[in-house]
Protein chains: 2
Amino acid sequence: MVGEQTPRYHRIADDLRGQIERGELKPGEQLPTEWVLTEQYSVSRNTVRLALRRLTEEQLIVAGQGRGSFVRKRLPRAVWDWSQLESRSKHTSDAKGDQWASIVAESGRQPRQEVTVSIRRPPAEVAQQLQLDPETALTVVRERVRLVDNEPYALADSYFPEELVRGTPLMLPEDVSAPGGVLASVGLIQSHYQDEITVRMPTRAETERLSLPTATPVAVHQRTGYDSDGRPLRVMITILPGDRHVIRYDVPAE
Amino acid sequence: MVGEQTPRYHRIADDLRGQIERGELKPGEQLPTEWVLTEQYSVSRNTVRLALRRLTEEQLIVAGQGRGSFVRKRLPRAVWDWSQLESRSKHTSDAKGDQWASIVAESGRQPRQEVTVSIRRPPAEVAQQLQLDPETALTVVRERVRLVDNEPYALADSYFPEELVRGTPLMLPEDVSAPGGVLASVGLIQSHYQDEITVRMPTRAETERLSLPTATPVAVHQRTGYDSDGRPLRVMITILPGDRHVIRYDVPAE
DNA sequence: AAGTGGTCTAGACCACCCA
DNA sequence: GGGTGGTCTAGACCACTTC
């Protein structure tokens, strides 16, 4: 009853995927319930669930306990231009808030940030980037949840060496975005960034904080800012859900 | 028998994850078989499989039919510096091959590329980037599989407007990497790139071509090259498995 | 041939959402 | 309260790897 060429749940997934791609199942529309699919395909419920899991992993559907499974709405992705973000000249016309908030506001949606500030020993990776001793050094950590229309959109955690920002407004749990970045407001000028982007599945904590659908990968964007002497001033780690973001860079060829 | 606070398979996954993180299960080591885990935790095999699937999605283990489940070896990720890649000045000492091949060779491993060339109508997204009519335009497509020690590592597909490269060596299915990039060798100078990075789960075709473990996300890196007049010359789309790569950029702050 | 993970069945109760 | 997906059981046979 089992061994054909391809597993049954593959073929069920292929069939449903085709219906979605051909538009017979439209974005936002509810799929048949698992029980109905069980009857339609004459298989057990577990087999149906394997097929649905496959589609979930492909970002085609989302399931909610007690609600049903739905064809996923493809939101337009937000574009973050990291070669422009935090550029001083781009902020002359917009002294309040950062580029992210501006972009969101322009598209008619409500940006908001929740900020918490603490002083902590940094994670090993951050300590290395900041050239600090991971055993003894302290960092001021600004953890931000960026929300659009009250939906969590990204996590952005910044780490500053504690000695650099002691006694500055950076240590207040408020939105201190400013022209040239928050560091410029306390007299520290970043002249150069190094960005590193990695891709992975989210941790469970990130899944919760970002309300991520199952099997949504995230980009981890780590930006280290240096002053003109090459001294690291800050590490910012941004968690960008893959379904909501495009990362852009403009690069001169020489 | 069921409803505690957290599902059983969560706690089994947490337990095994802890063993891996504490080093009690070492990279490369085989996990107990599903049958043994069934007895150890006094649960059914399906519950064990749910726990193992969780760890698979977190990239901690890999399973092979007929072989067993193993703690994943964390390969050092390859760093691609896209603000340096294809820079002409960086190639003076290395006339043969691109920066990617150089980096791999320096780490003592064998780089190799498989190239196939065809002339095709471009996908809609590429046509838009190249400012071509998707109905009529033709592009020369160079599809590359980049391998390290004969293991597939990344896919890199380049699209050139057919009229720009007609009759040049670009249309030969050989490795034509050259100082300043392949386009420079036929007299076309890219003065500026626009890069866009997105994150998603791989398609089934990509999973096969890259031999990806289950639930490995990929970064899609799309680079559009422009000449000094702002005319697009090329689109390169690179598929980077998340477990093997770091994308790096150096960005001047102003 | 033995052992492993992959697929599949036919049930059951639980947790959550919505009318 | 009724319906949905989430978790779980106790079996079975298949496909692949290894010996």
Side-chain angles (χ1 to χ4, degrees), chain A residues 1-16 25 28-57 59-72 204 207-208 211-216, chain B residues 1-16 25 28-57 59-72 204 207-208 211-216:
Chain A
M1 202 61 62
V2 182
E4 297 97 4
Q5 332 88 324
T6 59
R8 293 194 179 184
Y9 77 93
H10 282 208
R11 290 186 293 168
I12 295 171
D14 291 345
D15 186 34
L16 291 171
L25 285 166
E29 190 173 342
Q30 182 170 2
L31 293 169
T33 67
E34 294 180 350
W35 177 247
V36 170
L37 292 172
T38 292
E39 293 185 328
Q40 274 182 16
Y41 293 103
S42 301
V43 294
S44 76
R45 184 167 165 230
N46 272 341
T47 303
V48 166
R49 283 177 64 75
L50 284 175
L52 294 180
R53 181 192 298 275
R54 224 173 139 78
L55 299 178
T56 301
E57 287 174 357
Q59 314 276 315
L60 288 174
I61 66 172
V62 288
Q65 181 168 160
R67 296 193 304 119
S69 295
F70 299 84
V71 180
R72 193 139 173 207
R204 291 181 306 297
T207 301
E208 286 173 18
S211 312
L212 293 178
T214 316
T216 302
Chain B
M1 202 62 60
V2 182
E4 297 96 4
Q5 332 89 323
T6 58
R8 294 192 178 186
Y9 77 93
H10 282 207
R11 290 185 293 168
I12 295 171
D14 290 346
D15 186 35
L16 292 170
L25 285 167
E29 192 174 340
Q30 182 170 2
L31 292 170
T33 67
E34 294 181 349
W35 177 247
V36 170
L37 292 173
T38 293
E39 293 185 328
Q40 273 182 17
Y41 293 102
S42 300
V43 295
S44 76
R45 186 170 163 225
N46 272 344
T47 303
V48 166
R49 284 178 64 74
L50 284 176
L52 294 180
R53 182 193 297 277
R54 223 173 139 78
L55 298 178
T56 301
E57 287 174 356
Q59 315 275 316
L60 288 174
I61 67 172
V62 286
Q65 181 168 158
R67 297 193 305 118
S69 295
F70 300 84
V71 180
R72 193 138 172 210
R204 291 181 306 296
T207 301
E208 286 173 19
S211 311
L212 292 178
T214 316
T216 302

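From a predicted model like this one, the values you see are computed outputs, not experimental measurements. Numbered from 1 within each chain, the chains take letters A, B, ... in sequence-line order.
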Handout entry: Test log, rule side-chain contact (heavy atoms from CB on, under 4.5 Å), inputs B:Leu31 and B:Leu52
Key = CA-CA 10 Å; B:Leu31 292 170; B:Leu52 294 180; 4.2 Å; yes

Using a cut-off of strictly less than 4.0 Å, decide whether [X] has a side-chain nitrogen or oxygen near OP1 or OP2 of [N].
| X | N | result |
| --- | --- | --- |
| B:Ser69 | C:dT4 | no |
| A:Arg8 | C:dT7 | no |
| B:Thr47 | D:dT7 | no |
| B:Tyr9 | D:dC8 | no |

Do the non-hydrogen side-chain atoms of [X] and [Y] ever get within less than 4.5 Å of each other?
| X | Y | value |
| --- | --- | --- |
| B:Asn46 | A:Asn46 | yes |
| B:Leu37 | B:Gln40 | yes |
| B:Ile12 | B:Leu50 | no |

Check the interface with nucleotides 17-19 of chain D: list each N/O to N/O pair with the protein under 3.5 Å, or write none.
none

Practice task
Write down the atom of B:Leu25, the atom of B:Gln30, and the distance for their closest heavy-atom approach.
Solution key: CD2-O, 4.4 Å

For atom [atom1] of [X] and atom [atom2] of [N], their distance in whole Å:
| X | N | atom1 | atom2 | result |
| --- | --- | --- | --- | --- |
| B:Glu39 | C:dG3 | CD | P | 14 Å |
| A:Trp35 | D:dG5 | CH2 | P | 13 Å |
| A:Leu31 | D:dT4 | CG | P | 13 Å |
| A:Arg54 | C:dC8 | CZ | P | 11 Å |
| A:Leu50 | C:dG5 | CG | P | 17 Å |
| A:Arg11 | C:dT7 | CZ | C1' | 12 Å |
| B:Arg49 | D:dA10 | CZ | C1' | 15 Å |
| B:His10 | C:dC14 | NE2 | C1' | 14 Å |

Measure from the side chain of [X], starting at C-beta and using heavy atoms only, and say which of [options] lies closest.
| X | options | value |
| --- | --- | --- |
| B:Asn46 | C:dT4, C:dT7, D:dA10 | D:dA10 |
| A:Arg45 | C:dA12, D:dT9, D:dT4 | C:dA12 |
| B:Glu34 | C:dG5, C:dT7, D:dT9 | C:dG5 |

Donor-acceptor list for residues 61-69 of chain A side chains, cut-off 3.5 Å, not counting sequence neighbours:
none

Practice task
State which residues pass salt bridge (Lys or Arg N to Asp or Glu O under 4.0 Å) with A:Asp15; sequence neighbours excluded, sorted by chain then number.
Solution key: none

